[in-house]
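In listed order, ligands and their atoms are each counted from 1. Hydrogens, waters and symmetry mates play no part in the numbers below; they use all other heavy atoms, side chains included.
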Amino acid sequence: MKKSIVVIKGDGIGPEIVTEAMKVMDRTAQKYNHEFQFTEVDAGGCAIDKYGECLPESSLKKCLEADSVLLGAVGGPKWENVEKNNRPERALLRIRSEMGLYANLRPAKIFPQLSHSSPLKDTIVQKGIDFVIVRELIGGIYFGSHETIQINGEDHASDIMAYSEHEIERIGRTAFETARKRRKRVISVDKSNVLDCSRLWKKVMHRLSENYPDVEYSDMLVDNCAMQIVKDPSQFDVIVTENMFGDILSDEASMVTGSIGMIPSSSLGSGTNGMYEPIHGSAPDIAGMDLANPIGTILSGAMMLKYSFGMEQESQDIENAVQKVLDEGYRTGDIMSEGCIKIGCCEMGSRIADHIK
Ligand code: IPM
Ligand code: MG
């Protein structure tokens, strides 16, 4: 199969981790006789430096035309004071929105080899951690109007959270369909004791759940969910939630699995073209030092093969290769523990690629 993949390396550790993911994907293409055509485009802080804008139209156009997009990370302290509509993060939000990628899947699964990297007690970890957060990605407070105005001589800021029924319903469907392929349990997370958006969310989810009698459904308040993720993560299979709650809970969920550096994500809309990115940020403090963990990005590549290109076996090969390297005891700094062998980002990528043959 021939596929065109747009690559946004971005800022900070972005270039290093994406290079490793491309290495692994290239090896997979060789093995299975596919042709992955990678086209690099600039977006984020590096695009501000080069062109004065975080997302040049030509970059966006290439994303819209591609079979899928692979992204490293954008942002960093260097662009902290850039005008808000041109911040590196805007590039990411605009691509998500223009591509219509409303469904963001963020798996939180513990690798048995890394169970001692989890900050949770062994007794909790041993019950198993394997759930996925289905985050609504192009609505809610991220995309409502944002404003800072002067009222009575002081600054006044507001950010509007808004949802319509169809936006909730489509992400709900993604969650129920995802659960059907897993352990068939959906928990919808909201703040319906306070927010109108959440009350609507809950109403739509309940209505939708009736179409999925084979899936066990319940809802949970977001503050309680934050607590339950550290208290007993084994209770979760699929969590579906709005944009900002999903942003926050997915960082928490990643950490209970050991390292945020391990977690991939997929963002899809109604078609098969999507964007795939690790859930961590650009980690400017370790950029360019060959210290980053490329596994979250490599596994994002694996998700692309599976979800956008229907390449199940190819995707599984990448996951298996990651498992093998972990079995052999190789670790980047973030997941290092006693008795293991510490390696850099580049060697991690090469070792994973070498297991694909
Ligand atoms: C994420 C990130 C982004 C988000 C930022 C960089 C805009 O935190 O993908 O989780 O908030 O969605
Ligand atoms: Mg985040």
> Salt bridge between K109 and E319, side-chain N to carboxylate O under 4.0 Å?
Replying inline: no
> So, D237 side chain and K184 main chain: donor-acceptor pair closer than 3.5 Å or not?
Replying inline: yes
> So is M244 close enough to ligand 1, meaning a heavy atom under 4.0 angstrom away?
Replying inline: no
> Measuring to the Mg ion (ligand 2), does D247 have an N/O/S atom at a distance below 2.8 Å?
Replying inline: yes
>> Considering R87, H280, E89 one by one, which has a heavy atom nearer to atom 7 (C) of ligand 1 than any of the others?
In response: E89
> Is a side-chain donor or acceptor of R135 paired with a backbone partner of N243 at a separation under 3.5 angstrom?
Replying inline: yes
> Does D67 come within less than 4.0 Å of K2, counting only side-chain N to carboxylate O?
Replying inline: no
> Is a side-chain N or O of S266 found less than 3.5 angstrom from the main chain of Y276, in a donor-acceptor match?
Replying inline: no
> If you measure every N/O of Y142 against every N/O of ligand 1, is any gap under 3.5 Å?
Replying inline: yes
>> Considering non-hydrogen atoms of the protein only, which is the closest contact for atom 2 (C) of ligand 1, and what is the distance?
In response: D247 OD1, 4.0 Å
> Backbone, side chain, both or neither: what part of R106 comes under 4.0 angstrom of ligand 1, heavy atoms only?
Replying inline: side chain
>> Taking 4.0 angstrom as the limit and counting only heavy atoms of R135, give me the atoms of ligand 1 inside it, by number and element.
In response: 1 (C), 4 (C), 9 (O), 10 (O), 11 (O), 12 (O)
>> Out of all atoms in ligand 1, which are within 4.0 Å of some heavy atom of R96? Include the element for each.
In response: 1 (C), 4 (C), 9 (O), 12 (O)
> Take atom NZ in K181; do more than 12 heavy atoms of anything else shown fall under 6.0 Å from it?
Replying inline: no
